[in-house]
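Each remark here refers to the structure printed beneath this line.
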Amino acid sequence: MSRKAAIKAEADRLRGTFEARGAEVFETDVLQPAGALLDLYGEDIRARAFVTHDPLRGEMMLRPDFTIPLVQRHMREGRGQGRYTYAGEVFRRQEDDPDRASEYFQVGFELFDGQGPAQTDAEVFATFAEILLPLGLKAAMGDIGLLRAAVEGLPTSAARKAALLHHLWRPRRFRSLLGRYAKPGEDRAILQSSDPLAGKVEVGLRTAEEILARLHHLRDDREVPPLPRDEIALVDALLAVRGKAHDAVSQLRDLAIDLPSIGAAVDRLTDRFDALEGRGVDLRRLDFEAAYGRTTLEYYDGFVFGFYAEGRPGLPPVASGGRYDALTRAIGGGDGVPAVGGVIRPGLLIDLGMAA
Amino acid sequence: MTLRLGVPSKGRLMEKTFAWFGARGVDLALSGHAREYAGAVEGVDGVELVMVSAGEVPRELEAGRIHLGVTGIDMVREKIARWEDKVRQVASLGFGGADLVIAVPDCWVDVATLDDLDQVATLFRAAHGHRLRIATKYHRVIRDFLREQGVGDYQLVDSQGATEGTVKNLTAEAIADITSTGETLRANHLRVLEDGLVLRSQAALFKTRAETWTPTARDAWAALSKRLGV
């Protein structure tokens with residue numbers, strides 16, 4: 001059997017495993033309209049996906065994942081709950097690492113469910129852990145919800161919090177925003193001007209009203225008191241939390257004394273760990289990092305996880321996933337459904353010697 | 001096989017390249033008709049002159065069809081993924097200097113830096129229903145730069161020429177392009193962001209890392225590099 005045939009057989013087997021857990025099979029086209037993907041991911045997706053042009057359909061993309069088309073269909077059909085699985089190839093441009101595949105199989109398991117996020121998070125992770133058990137992989141976990149809660153609790157303006165939340169997934173910009181908010185408001189000469197657009201020729205779509213409105217906003221922002229340094233230190237301390245599951249929780253509990261805004265998020269994390277233990281997951285083998293998943297796809301906004309082959313640092317995660325409630329809201333035009341899921345790469349299972 | 005040297009096939013870049021080599025005792029000349037894209041090299045043995053469009057020099061180097069090539073640093077960065085692995089810059093030639101910059105309408109008095117641009121991009125998207133468009137032909141370089149700087153909510157639109165006009169024509173909100181004096185930018189009511197310098201480019205001599213080096217080509221390069229002092 002060729003490698004590809006073996007991967008295909010393994011993908012079918014895995015999908016069958018998820019079907020046996022009540023998941024409905026989802027199919028979608030390889031060629032996807034580029035518009036929605038570009039709108040969600042922004043320009044970066046062009047560096048990661050193959051964009052092509054169809055004379056009739058316009059800009060198209062070779063399917064970079066199944067999750068977006070799945071969420072689109074789920075939201076379009078106005079479904080509430082749903083359990084899905086899929087298996088097929090995805091396509092990713094590799095500009096930086098020639099050793100990474102630009103075409104590979106993914107098998108997914110995605111749950112749309114309003115019934116207690118701790119239980120659904122745990123179900124997805126525990127299902128993956130059980131399937132991957134023979135490989136003895138290392139599992140890592142994070143929770144973007146902790147950082148989100150910390151930002152929402154910062155003693156600063158709503159506009160500044162919104163800017164920070166917007167850049168949760170861009171650590172460098174996030175850091176530079178925090179640095180700027182720690183200083184007294186910037187006093188630009190233009191903010192003093194009574195006629196800031198004097199002598200300027202207006203060009204482009206952005207209107208004078210938009211420019212004046214932002215100047216107004218900058219004047220307001222100038223008055224916002226600087227963010228205390230110790231508040232920033234607490235955010236840094238949060239991002240530095242890492243350890244085995246129980247150890248991480250006690251670090252977070254200590255931190256929550258000074259950073260009470262994360263209290264509810266830590267409770268949710270504890271509930272998730274309890275639910276995981278209830279499903280037989282050995283927490284002693286689980287690494288938790290508060291900053292985990294911060295630089296990957298920005299649709300994960302809560303629980304995030306990955307499974308890695310130890311001693312193979314060059315290998316991408318064998319499986320990964322997380323919660324993406326906000327993505328369902330973005331696609332659903334404001335209405336969302338709590339959703340969590342993940343994918344396994346059957347090709348890597350074959351490479352690691354897990355036979356069907 | 002002889003050492004193949006790729007040189008821009010026309011314009012000032014060609015003339016200045018000829019002058020640069022000439023000043024170092026290596027005479028490059030077009031053979032026969034001026035319109036025939038072939039040339040001759042005198043002053044060092046075993047070197048063949050290949051006339052190539054400056055924009056195609058990176059591709060020819062990457063493929064190993066030429067051993068050496070003269071082109072802009074900007075072209076190499078844009079056209080070759082992981083360029084450091086594919087070519088080596090052996091000399092800067094001191095001409096063809098230009099900066100790749102990000103510029104916005106001068107009337108955007110609230111936008112001085114990339115930080116402002118990032119904030120405005122978010123507001124723009126909310127107000128106009130699409131991402132702020134930056135017109136450029138340097139897609140890879142600009143995308144990498146803006147990712148590194150953490151700017152989101154923008155999109156690149158392709159512009160292969162007259163890029164400064166795209167803002168006025170309402171096909172883009174900002175541009176990323178090469179400028180030497182900034183005059184065209186000013187004439188089109190555009191202004192470079194304070195931290196909008198992406199790359200300082202100039203003409204450079206590049207050597208391919210492709211597996212195309214025969215012993216004769218190596219010998220010719222040894223002689224040529226000695227003559228050129230690079």
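Every chain is numbered from 1, with letters handed out A, B, ... down the list of sequences.
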Tell me, out of B:Lys168, B:His128, B:His139, who's got the most heavy-atom pairs with chain A below 4.5 Å. B:His128
Can a donor-acceptor pair be found between the side chains of B:Asp118 and A:His166 at a distance below 3.5 Å? no
For the side chain of B:Ser92 and the backbone of B:Gly94, is there at least one donor-acceptor N/O pair under 3.5 Å apart? no
Heavy-atom contact with chain A under 4.5 Å, split by part of B:His130: side chain
Counting heavy-atom pairs under 4.5 Å to chain A, which of B:Ile134, B:Val120, B:Leu146, B:Asp153 comes out on top? B:Val120
Answer yes or no: is there an ion pair linking B:Arg147 with A:Asp44, defined by an N-O contact shorter than 4.0 Å? yes
A:Glu202 versus B:Cys107, closest heavy-atom pair with distance: CA-SG, 3.9 Å
Okay, B:Asn169 and chain A: the region with an atom under 4.5 Å from a heavy atom over there is neither
So which of B:Thr171, B:Leu170, B:Leu156 has the biggest tally of heavy-atom pairs under 4.5 Å with chain A? B:Leu156
Strictly below 4.0 Å, N to O, side chains only: are A:Arg160 and A:Asp221 in salt-bridge contact? yes
Structural part of B:Glu173 lying under 4.5 Å from a heavy atom of chain A: side chain
Test item: side-chain donor near acceptor, A:Arg219 and A:His216, under 3.5 Å: no
Between A:His217 and B:Asp110, a side-chain donor and acceptor under 3.5 Å: no
Between B:Glu56 and B:Arg59, is there a side-chain N and carboxylate O pair less than 4.0 Å apart? yes
Greatest number of non-hydrogen atom pairs under 4.5 angstrom with chain B, of A:Arg172, A:Arg173, A:Lys200, falls to A:Arg173
Given a strict heavy-atom distance threshold of 4.5 Å, which part of A:Ile190 is in contact with chain B: side chain, backbone, both, or neither? side chain
Are the side chains of A:Val304 and A:Asp143 in contact, using a 4.5 Å heavy-atom criterion? no
Option in B:Arg82, B:Gln155, B:Gln119 with maximal non-hydrogen atom pairs under 4.5 Å from chain A: B:Arg82
Need one label for A:Arg46: side chain, backbone, both or neither, based on atoms under 4.5 Å from any heavy atom in chain B. both
Which of the residues B:Leu190, B:Thr122, B:Asp116 is involved in the greatest number of heavy-atom pairs with chain A at under 4.5 angstrom? B:Asp116
If we ignore angles and hydrogens, is there a donor and acceptor under 3.5 Å between the side chains of A:Tyr41 and A:Asp65? yes
A:Leu177, part contacting chain B, at a heavy-atom distance under 4.5 Å: side chain
Is it the side chain or the backbone of B:Thr166 that comes within 4.5 Å of chain A heavy atoms, both, or neither? neither
Side chain from CB out, backbone as N, CA, C, O: work out which of these in A:Leu218 comes under 4.5 Å of a heavy atom of chain B, or both, or neither. side chain
As an exercise: rank A:Thr207, A:Leu212, A:Val201 by heavy-atom pairs under 4.5 Å with chain B and give me the winner. A:Val201
A:Ala47 portion near chain B, given a 4.5 angstrom heavy-atom threshold: both
